Amino acid sequence: MRIDEESEGVSASRNHLVFAYYVTGHGFGHATRVVEVVRHLILAGHDVHVVTGAPDFVFTSEIESPRLFIRKVLLDCGAVQADALTVDRLASLAKYSETAVVPRASILKTEVEWLNSIKADLVVSDVVPVACRAAADAGIRSVCVTNFSWDFIYAEYVMAAGSNHRSIVWQIAEDYSHCEFLIRLPGYCPMPAFRDVVDVPLVVRRIRRSRKEVRQELRIEDDVKLVILNFGGQPAGWKLKEEFLPPGWLCLVCGGSDTQELPPNFIKLAKDAYTPDFMAASDCMLGKIGYGTVSEALAYKLPFVFVRRDYFNEEPFLRNMLEYYQGGVEMIRRDLLTGHWKPYLERAISLKPCYEGGINGGEVAAHILQETAIGKNYASDKLSGARRLRDAIILGYQLQRVPGRDMAIPEWYANAESELGMGSPTCEMSEKSSLMNSCTEDFEILYGDLQGLSDTMTFLKSLAELDSMFDSDKSAEKRQMRERKAAAGLFNWEDEIFVARAPGRLDVMGGIADYSGSLVLQMPIKEACHVAVQRNHPSKHRLWKHALVRQQAEGKNPTPVLQIVSYGSELSNRGPTFDMDLADFMDGDQPMSYEKAKKYFSQDPSQKWAAYVAGVILVLMTELGIRFEESISLLVSSTVPEGKGVSSSASVEVATMSAIAASHGLSISPRDLALLCQKVENHIVGAPCGVMDQMTSACGEANKLLAMLCQPAEVLGLVEIPGHIRFWGIDSGIRHSVGGADYGSVRIGAFMGRKMIKLAASAILSRSSGTENGPNPDELEDNGFELLETEASLDYLCNLSPHRYEALYVKMLPDSILGETFLEKYDGHNDPVTVIDPNRNYGVTAPAKHPIYENFRVKAFKALLTSANSDDQLTALGELLYQCHYSYSACGLGSDGTNRLVRLVQEMQHSKASKSGDGTLYGAKITGGGSGGTVCAVGRNSLQSSQQILEIQQRYKDATGYLPYIFEGSSPGAGKFGYLRIRRRPSVNPNE
């Protein structure tokens with residue numbers, strides 16, 4: 001249901017009503033918009049009791065009335081901020097638990113009594129969860145007014161803290177469900193807990209004084225450029241400097257401390273200054289995104305230079321609204337802190353924000369609240385069911401995200417029909433032929449072969465469109481994605497561009513046993529990452545404006561710069577671009593250490609993704625002694641879905657290194673390239689993965705399994721997939737990460753087990769060597785002296801056979817051990833990419849046992865693939881997958897979603913339909929690092945098997961609400977693809 005912007009106002013003759021208005025404890029933004037709604041309610045003659053933790057002046061400076069009652073009570077805490085730009089997720093949950101969960105019974109009792117004592121006619125919440133439940137217990141209707149709800153915001157925090165905290169989110173959603181309906185503000189997030197929704201215009205505070213009056217008070221001439229710095233608190237230790245501003249500019253500082261010393265071109269505003277007036281008197285604003293700043297910037301047509309916040313998932317929705325109305329310029333955090341403001345401020349004042357919508361949301365909301373309080377029903381919107389389903393899907397996806405991963409709208413949401421196999425093969429062939437013709441028309445291919453890959457053709461087509469976007473003023477006027485605007489100015493089109501391609505991979509067998517030296521079998525998938533690279537002399541490099549200003553400010557001649565654009569940022573809360581001076585990689589005359597690089601890329605979480613790409617350059621400098629004397633422009637475009645356990649990060653690393661190597665004439669074998677890429681992930685990104693992902697992406701071939709012995713990376717060959725066998729990947733929708741705590745702790749447990757086994761073997765040797773003439777052969781008859789010597793110097797856990805493990809060592813290993821205890825007794829675990837936490841308990845038996853048995857299972861699986869075609873062959877292959885799956889679970893790396901998919905495969909395998917003829921599906925297992933991600937299934941290569949996969953997909957959706965992405969098909973690795981060297985063909989005018 002939508003209320004027109006042309007409201008009737010709030011009638012003053014609708015009786016005398018009493019409203020209880022609860023305000024969340026998160027910042028001043030909620031309080032300031034509540035002021036506008038409350039002001040209209042009081043003007044209509046009603047009493048409003050505001051329950052808040054905000055200072056009184058926020059309300060009393062705007063409303064002077066005996067009908068306003070302020071009750072200082074804090075019933076929630078919002079998001080706890082570690083600093084002005086970073087939310088502390090774990091502290092937020094702990095604080096909420098302390099504030100609202102532990103004393104919940106007492107809060108409800110107190111609030112019910114208080115609501116009855118003031119004889120409240122309606123409870124309004126922005127957006128305190130427990131207020132809705134208290135209202136229900138008191139028998140009073142309640143309404144929420146907000147653009148987001150705390151169940152959505154806390155969802156990501158819960159994933160970082162552990163599933164035991166999910167009850168907080170469920171309880172919040174349950175509280176909201178007692179609300180009669182939601183008055184939803186623009187820039188809203190998904191909020192499925194609310195039964196009905198009424199949309200209203202922007203709620204903004206009115207302007208009291210004109211631009212001229214404010215400037216006269218500040219003694220600032222009208223032609224002086226003025227920026228207002230509005231952070232609600234500034235980054236700790238930050239010192240503002242005169243040179244931060246362009247010459248002649250002045251800056252108004254909100255929220256500055258009393259002791260803060262400011263340069264002469266910065267003006268400190270009083271803490272109780274009425275911000276809207278000063279915003280309207282300014283030429284642009286610099287700050288962080290929140291509802292108050294965005295709504296008022298749009299209302300006053302004030303260009304907004306913003307810096308992203310970490311871990312606050314309201315932001316992407318508000319940012320999209322700001323950019324839709326052409327009112328926003330993003331500044332990277334590094335440039336904020338170092339004072340490179342000039343290009344952003346100059347860009348901002350060239351904008352023409354175009355928001356023309358209503359700004360009377362406070363008046364409209366007050367009218368709705370008044371009518372609701374006297375008994376009018378605004379429910380029910382006939383489309384509320386569809387709306388709640390859409391919201392629930394996005395919220396559910398949010399709950400399954402990997403810790404630390406930015407909020408993203410899932411790609412399957414828009415592609416459900418194609419994932420169900422409803423595309424037309426004829427259409428696909430026609431499109432492929434058209435793409436091929438278009439590619440050769442757009443680019444001259446100087447070296448390399450498209451190999452008939454439609455995704456490569458699509459990527460080249462997108463490159464050609466960038467050229468036309470950059471040259472066409474009409475196109476530039478359209479609202480385009482920011483990342484494509486940045487990419488449009490990335491390349492010099494008259495020069496050569498190098499393109500590389502690297503696929504993701506499906507882990508058929510081996511998985512986490514790679515770091516223990518196992519044999520693994522991996523299949524490169526159809527989805528891949530493309531990277532385009534161009535090198536230029538610094539004097540010819542097309543620098544983005546802020547990078548150019550940075551070099552000019554440092555008084556340098558043009559120096560080599562790295563500029564990266566990564567597609568896909570518009571679907572996640574991360575920056576689309578990254579740039580740095582290549583000299584920043586140097587520490588004196590040597591490349592910086594990997595540890596320093598890891599810290600460098602971790603400074604700004606919205607740009608941490610750049611470590612996967614730029615880290616390639618540092619590894620080449622460090623390991624091969626390469627020095628980059630020219631600037632590098634780099635575009636990354638990947639169709640490998642993130643967080644699904646199919647090596648999206650490895651495909652980016654391999655494609656990037658392949659493209660850079662090609663553009664700089666470096667000859668690196670696919671195997672060596674994979675090992676170098678592993679160093680990027682281990683040492684610069686900080687993810688403790690093995691090498692199988694990079695090896696498959698680099699060395700794999702279409703429709704073959706890469707057989708590799710991870711000691712450290714010996715490719716044994718390519719195993720043909722028999723024509724009667726097929727593999728599928730089925731995504732569970734539960735995000736996966738090798739950087740997660742579960743994967744790392746299992747790896748540590750495996751290395752602990754290896755250390756214990758080595759010392760146990762040494763002890764047996766020592767006991768048996770106590771004679772003067774050396775070891776007694778009779779005493780070692782059962783154990784084998786040579787075997788014990790090998791086991792005492794065990795390099796890889798997988799070199800221990802299962803029967804030796806069972807015979808000698810299984811009873812010696814503890815189920816688990818405290819990190820501190822292990823370090824005291826064994827000194828270290830000899831793994832260079834993980835660190836033992838002394839206060840953490842680590843499983844040992846299951847993590848050590850898994851790779852020992854997995855190596856045996858992979859060898860058996862490989863042998864079976866070459867055996868005769870029979871039902872027994874497929875049954876045995878499937879059984880090996882099942883055994884692997886349950887071994888993952890024993891290590892603690894399972895998940896509800898992947899377990900459900902495996903059960904569905906089992907049910908399909910043992911159904912009457914499958915047993916009546918030749919079986920179709922035979923087995924499934926979790927893949928990669930586990931803890932979510934994708935399941936690998938094996939079956940007959942038949943239409944019936946494909947139909948059963950689609951049936952599993954639908955059953956999973958029916959049970960969970962999530963439609964799994966199906967991975968099927970294969971494509972060549974980066975080594976097999978090689979690279980393309982292309983040059984844009986001159987555009988031809990058809991009228992000439």
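Remember, predicted model here, so these are calculated numbers, not experimental data.
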Audit row: N839, E820, side chain to side chain donor-acceptor pair (under 3.5 Å) steps and yes/no: CA-CA 6 Å; N839 299 314; E820 182 180 21; over 6 Å; no
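- Using a 4.5 Å heavy-atom threshold, the side chains of R940 and R726 count as separate.
- S518 places no side-chain N or O within donor-acceptor distance of the main-chain N or O of C798, the cut-off being under 3.5 Å.
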Y922/L877 under side chain to side chain contact (heavy atoms under 4.5 Å, CB included): CA gap, chis, key distance, verdict: CA-CA 7 Å; Y922 287 86; L877 289 171; over 6 Å; no
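- For A674 against V691, the heavy-atom pair with the smallest separation is O-CG2, 4.2 Å.
- Considering all non-hydrogen atoms of both residues, V652 and V613 come closest at CG1-CG2, 3.8 Å.
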Side chain to side chain donor-acceptor pair (under 3.5 Å) evaluation trace for D831 with Y515: CA-CA 10 Å; D831 180 13; Y515 55 67; over 6 Å; no
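- For the residue pair D693 and S647, a side-chain donor N or O sits within less than 3.5 Å of a side-chain acceptor on the partner.
- Side-chain atoms of V858 and K862, non-hydrogen and from C-beta on, never get closer than 4.5 Å to each other.
- The shortest distance between side-chain heavy atoms of L673 and V654 falls below 4.5 Å.
- Checking T834 against H829 by side-chain atom types alone, a donor-acceptor pair falls below 3.5 Å.
- Counting all heavy atoms, side chain and backbone alike, D455 lies closest to A528 at OD2-CB, 3.8 Å.
- You'll find the side chain of F967 reaches within 4.5 Å of the side chain of P641, heavy atoms only.
- Salt bridge status for K925 with D507: present, with a side-chain N to carboxylate O gap under 4.0 Å.
- Remark: side-chain polar atoms of S732 are not paired, donor with acceptor, to backbone N or O of G897 under 3.5 angstrom.
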Test side chain to side chain donor-acceptor pair (under 3.5 Å) applied to Y965 and E527, step by step: CA-CA 12 Å; Y965 187 101; E527 292 77 6; 2.7 Å; yes
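- Judged by distance alone, with hydrogens and angles left aside, the side-chain atoms of S945 form no donor-acceptor pair with the main-chain N or O of N941 at under 3.5 Å.
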Working for side chain to side chain contact (heavy atoms under 4.5 Å, CB included), residues L818 and R840: CA-CA 6 Å; L818 186 67; R840 181 164 187 174; 5.9 Å; no
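- Inter-residue side-chain proximity for S649 and E681 is flagged as met; some heavy-atom pair is nearer than 4.5 Å.
- In terms of modelled atom types and a separation under 3.5 Å, the side chain of T927 and the main chain of V935 share no donor-acceptor contact.
- Taking CG from L901 and OG1 from T934, the interatomic distance works out to 9.0 Å, rounded to the nearest 0.5 Å.
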Side chain to side chain contact (heavy atoms under 4.5 Å, CB included) assessment of V844 paired with S816: CA-CA 5 Å; V844 176; S816 63; 5.6 Å; no
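- Taking CZ from F861 and CD from Q883, the interatomic distance works out to 12.0 Å, rounded to the nearest 0.5 Å.
- Annotation: N830, atom CG; neighbour count of heavy atoms from other residues, nucleotides and ligands within 6.0 Å is above 12.
- Side-chain atoms of Q522 do not come within 3.5 Å of backbone N or O of M695 as any donor-acceptor pair.
- Between the CG atom in L921 and the NE2 atom in H910 there is a gap of 11.0 Å [rounded to 0.5 Å].
- Residues S801 and F856 fail the side-chain proximity criterion, which asks for heavy atoms closer than 4.5 Å.
- Between the CZ atom in R900 and the CD1 atom in I734 there is a gap of 9.5 Å [rounded to 0.5 Å].
- Taking all atoms of both residues into account, the shortest heavy-atom contact from A937 to V905 is CB-CG2, 4.5 Å.
- Atom CZ of F601 is separated from atom NZ of K608 by 11.5 Å, given to the nearest 0.5 angstrom.
- In this structure, E879 has no salt bridge (Lys or Arg N to Asp or Glu O under 4.0 Å) partners at least two apart in sequence or on a different chain.
- There is no side-chain donor-acceptor pair under 3.5 Å between D837 and Y842.
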Let me have the donor-acceptor pairs involving side chains of residues 705-720, under 3.5 Å, with sequence neighbours excluded, atom names and distances please.
residue, atom, partner, partner atom, Å
Q711, OE1, N799, ND2, 3.4
Q711, NE2, G517, O, 2.8
Q711, NE2, N799, OD1, 2.8

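- Taking 4.5 Å as the limit, some side-chain heavy atom of Q953 sits within range of a side-chain heavy atom of I966.
- In terms of modelled atom types and a separation under 3.5 Å, the side chain of T960 and the main chain of Y956 share a donor-acceptor contact.
- No side-chain heavy atom of H885 sits under 4.5 Å from any side-chain heavy atom of L881.
- For E595 and K598, the salt-bridge test fails: no basic side-chain N is under 4.0 Å from an acidic carboxylate O.
- Using modelled atom types and a 3.5 Å distance limit, the side chains of E806 and Y853 yield a donor-acceptor pair.
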Salt bridge (Lys or Arg N to Asp or Glu O under 4.0 Å) evaluation trace for R955 with E951: CA-CA 6 Å; R955 286 189 187 181; E951 186 175 343; 2.8 Å; yes
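- Between the side chain of N682 and the main chain of A687, a donor-acceptor pair closer than 3.5 Å is present.
- For the residue pair S895/T898, the side-chain donor-acceptor check at 3.5 Å is satisfied.
- Judged by distance alone, the side chains of E854 and S887 never bring a donor and an acceptor atom under 3.5 Å apart.
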Worked check of side chain to side chain contact (heavy atoms under 4.5 Å, CB included) between M752 and K755: CA-CA 5 Å; M752 285 177 166; K755 184 70 171 284; 5.7 Å; no
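- At distances below 3.5 Å, at least one donor-acceptor pair connects side-chain atoms of Q873 with backbone N or O atoms of L864.
- Note that CG of L759 is 9.0 Å distant from NZ of K825, once rounded to the nearest 0.5 Å.
- Using a cut-off of 4.0 Å between Lys/Arg side-chain N and Asp/Glu carboxylate O, R754 and D795 are scored as not salt-bridged.
- Neither side chain, E791 nor Y805, offers a donor N or O lying under 3.5 Å from an acceptor on the other.
- Across A846 and C891, no two heavy atoms sit closer than the pair O-SG, 3.4 Å.
- Judged by distance alone, the side chain of H530 and the main-chain N or O of R501 form no donor-acceptor pair under 3.5 Å.
- Using cut-offs of 30° and 60° for the angle between ring planes, the H850 and Y888 rings count as perpendicular.
- Applying the side chain to side chain donor-acceptor pair (under 3.5 Å) test to D672 and every residue at least two apart in sequence or in another chain returns S669.
- Proximity of a side-chain donor or acceptor of K644 to a complementary backbone N or O of G733 within less than 3.5 Å is not detected.
- Side-chain polar atoms of Q909 and Y882 form a donor-acceptor pair below 3.5 angstrom.
- Side-chain atoms of R505 and S651 include no donor-acceptor pair closer than 3.5 Å.
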